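See structure below.
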Protein chains: 2
Amino acid sequence: MASIHDVAKEAGVSVATVSKVINHYPDVSEKTRKKVKLAIARLRYRPNVIARGLVTGRSWTVGVLLHVPFTNPYVSMLLEGMKTALEHSGYDLMRLSARLNDPDYSFIDHCHSRNLDGIVVFGVEKDHRSIQELIQAGIPTMFVDTDATGLRAGNITTDNRNGIRMAVQHLFELGHRRIAYLAGVPGQDVNELRLAGYREGLGAFSLAYREDYVVDGDYSYDSGFQGMNRLMELDVPPTAVICTSDMAAFGAIRAIEARGFTVPGDISVVGFDNIFETELFKPGLTTINQNIHAIGVKSIEELIAMIKDPKYPPPVVTEPSSLVIRESTGIAKVIT
Amino acid sequence: MASIHDVAKEAGVSVATVSKVINHYPDVSEKTRKKVKLAIARLRYRPNVIARGLVTGRSWTVGVLLHVPFTNPYVSMLLEGMKTALEHSGYDLMRLSARLNDPDYSFIDHCHSRNLDGIVVFGVEKDHRSIQELIQAGIPTMFVDTDATGLRAGNITTDNRNGIRMAVQHLFELGHRRIAYLAGVPGQDVNELRLAGYREGLGAFSLAYREDYVVDGDYSYDSGFQGMNRLMELDVPPTAVICTSDMAAFGAIRAIEARGFTVPGDISVVGFDNIFETELFKPGLTTINQNIHAIGVKSIEELIAMIKDPKYPPPVVTEPSSLVIRESTGIAKVIT
DNA sequence: CTGAAAGCGCTTACAG
DNA sequence: CTGAAAGCGCTTACAG
């Protein structure tokens, strides 16, 4: 690869002048600019981003910390949205190791040694040591689904409370009075918000909150399957269940079917996420739509805004959720 | 962040000596080494990878070019495998833009300006200009599912031919004689190999190859749906169909059901990939398993081997495929 | 065993 | 408007 020195020689000017042309400085004569541009074209010169970064302190790289597998459907959509926003921004995306609990590994050191301009974090709780260090370090950061903020850290999530409230209302209107909830991991921000939405939803229709109607889980198919089994073993099982993820809902439905019951004939099921697999699944899943792609796009857009302007206030954004009604919910069989 | 100069000052030695300690040079006295290590610990010093890269010419970064969406289930598994192999390697992964057809964008320039040590490519055909440039440039590269090689470029794929052959045999043994094939994009390496496997499979059982039993597609659900519709409109429709992807198989099954027929009662369907969605789908899909995770792992392992040793011969590896039998294939209804 | 110096490919005051 | 020089944070011959 040609370097800036080669270009300078070819054009018969100094490297400083070449640099000025590359960076669109105004104080270069038209004649010189032409000469330099010609030399650049002739040598197919491209400035070395690495070298430039060393002096400007910017790497034109944003990191992404994913504390979940790539096979997580939420992550796929998120990345797809991020990619869209990245495309013409000049920034590239670097995946960062998620060895957060390895004592030999320091996430923040990693970010520093790579000169990262900004970070998107998904799937890590805000009380984690690495996250605290990251916030302290003052590197522009956007948290997805984690309610953390800092001087240079904002976050973005879906309107979780209202999503679940809409689900409760939908089931109530179908005549359900025994509505259970298959929850996520206790303590996680998203889980607490959704749980709050569930309680608020019940309250809005004067339905009592029952401890035994809430089962913790981990968003997976298996956790939905097992959670549903527990609910069905209750003396008074629910007639409807809201799940904290579509995958858990899939598991719940198969658990219901495995006991010889039908969805929605016997029990109605609502998911959360509206991942593309809902289109494949039978019965079609009624679920709460998250605009994951938009969250991906905005997380990057806001991050870049923070990078570009040190005074840009760290955003806290909530994307609207909506209810998508398919086949897995129906009129309650028994009104108690 | 502390720099190497800060450490040198703190330890009372030169930066050259600090550098030697960091890089485990043997010619440093134990006493000096101790002093330096202490200073490093005290200042929480981490060498700047960027600066180091500028002089060594290595960025400790491998790029990945994905010419498909992140939501593609194959990609998710591939990335998950790559991640595994990357974890303790010291290399980080950078996603590269896929603006391959944008005249303002040069993939190879991008790689150079980022000083990438190696590249993994998926979903681009070998005759694409960017790919040719990449091979010429001599940057270590591993192609996934693309039959390209170069002085420093190898590739890895599944045993596509044999996979399809096994599917034909399975169907033949179930009594099927009218076996159709829902193909992928003509010209793509993977497609040609699978098509060859289909023909070989038919040949092995003396079944005639019929043009009208092969329909091109693009691996998607919709293409499977439409392709199956075409097959079912034939005067003598097939009793079994092999699909070039699981997603296409899902589409094909729904097309069959939409016409009031059943799988496998009326028509047997085989997929390709064994993505995790096959577990969700009903009926359970008989499919050809690709060990995608292993392909991800090996693509990185081989790439790193090439990076480390300029004389490491570019590997061409074929991962075995296997048939996974579930519910979507059954005994042929009519023997012709 | 240790360190001064040159250099990787850039940018940025600053002097002219 | 142009360029010499210093410097970003490192590594690597080379001299001592």
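These numbers come from a predicted model, not from an experiment. Each chain gets a letter, A, B and so on, in the order the sequences are listed, and its residues count up from 1.
The side-chain contact (heavy atoms from CB on, under 4.5 Å) test applied to A/Arg46 returns A/Met1, B/Asp109, not counting sequence neighbours. In this view, A/Lys126 and A/Thr146, A/Asp147, A/Ala148, A/Asp189 satisfy the side-chain contact (heavy atoms from CB on, under 4.5 Å) rule, not counting sequence neighbours. Applying the side-chain contact (heavy atoms from CB on, under 4.5 Å) criterion to A/Val55, with sequence neighbours excluded, gives no partner residue. By the side-chain contact (heavy atoms from CB on, under 4.5 Å) test, A/Asp309 is found to be paired with A/Lys311, A/Tyr312, residues two or more places apart in sequence or in another chain being considered.
Within 6.0 Å of CG in B/Leu151 there are 12 or fewer heavy atoms belonging to other residues, nucleotides or ligands. Environment of NZ in A/Lys37: sparse, with no more than 12 heavy atoms of neighbouring residues, nucleotides or ligands closer than 6.0 Å.
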Side-chain donor/acceptor pairs under 3.5 Å, residues 7-15 of chain B, sequence neighbours excluded:
residue	atom	partner	partner atom	Å
B/Glu10	OE2	B/Arg42	NE	2.7
B/Glu10	OE2	B/Arg42	NH2	3.2
B/Ser14	OG	B/Ala16	N	3.4
B/Ser14	OG	B/Thr17	N	3.2
B/Ser14	OG	B/Thr17	OG1	3.2

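The stretch residues 76-96 of chain A participates, sequence neighbours left out, in these ring pair (Phe, Tyr, Trp, His ring centres under 6.0 Å) pairs: A/Trp60-A/Tyr91. Sorted by first then second residue, the salt bridge (charged side-chain N to carboxylate O under 4.0 Å, His left out) pairs that include residues 83-98 of chain A, not counting sequence neighbours, are A/Glu80-A/Lys83, A/Glu87-B/Arg95, A/Asp92-B/Arg114, A/Arg95-B/Glu87. Pairs of residues two or more places apart, or lying in two chains, that qualify as salt bridge (charged side-chain N to carboxylate O under 4.0 Å, His left out) and include a residue from residues 13-30 of chain B are B/Glu30-B/Arg33.
Of all the residues in residues 40-62 of chain B, B/Tyr45, B/Arg46, B/Pro47, B/Asn48, B/Ala51, B/Arg52, B/Leu54, B/Val55, B/Thr56 reach under 4.0 Å from DNA chain D with at least one non-hydrogen atom. Contacts between residues 4-23 of chain B and DNA chain C, defined by a heavy-atom separation below 4.0 Å, involve B/Val13, B/Ser14, B/Ala16, B/Thr17, B/Lys20, listed by number.
Looking at DNA chain C, the stems built from 3 or more consecutive Watson-Crick or G-U wobble pairs, each pair with its key distances under 3.5 Å, are C:1-3 with D:14-16, C:5-12 with D:5-12, C:14-16 with D:1-3.
Using a 4.5 Å heavy-atom threshold, the side chains of B/Glu192 and B/Asn160 count as separate.
Here the two rings, on B/Tyr219 and B/Tyr74, have centers that are 6.0 Å apart or farther.
In the 5' to 3' direction, nucleotides of DNA chain D lying under 4.0 Å from heavy atoms of chain A begin and end at D/dC1 to D/dG9.
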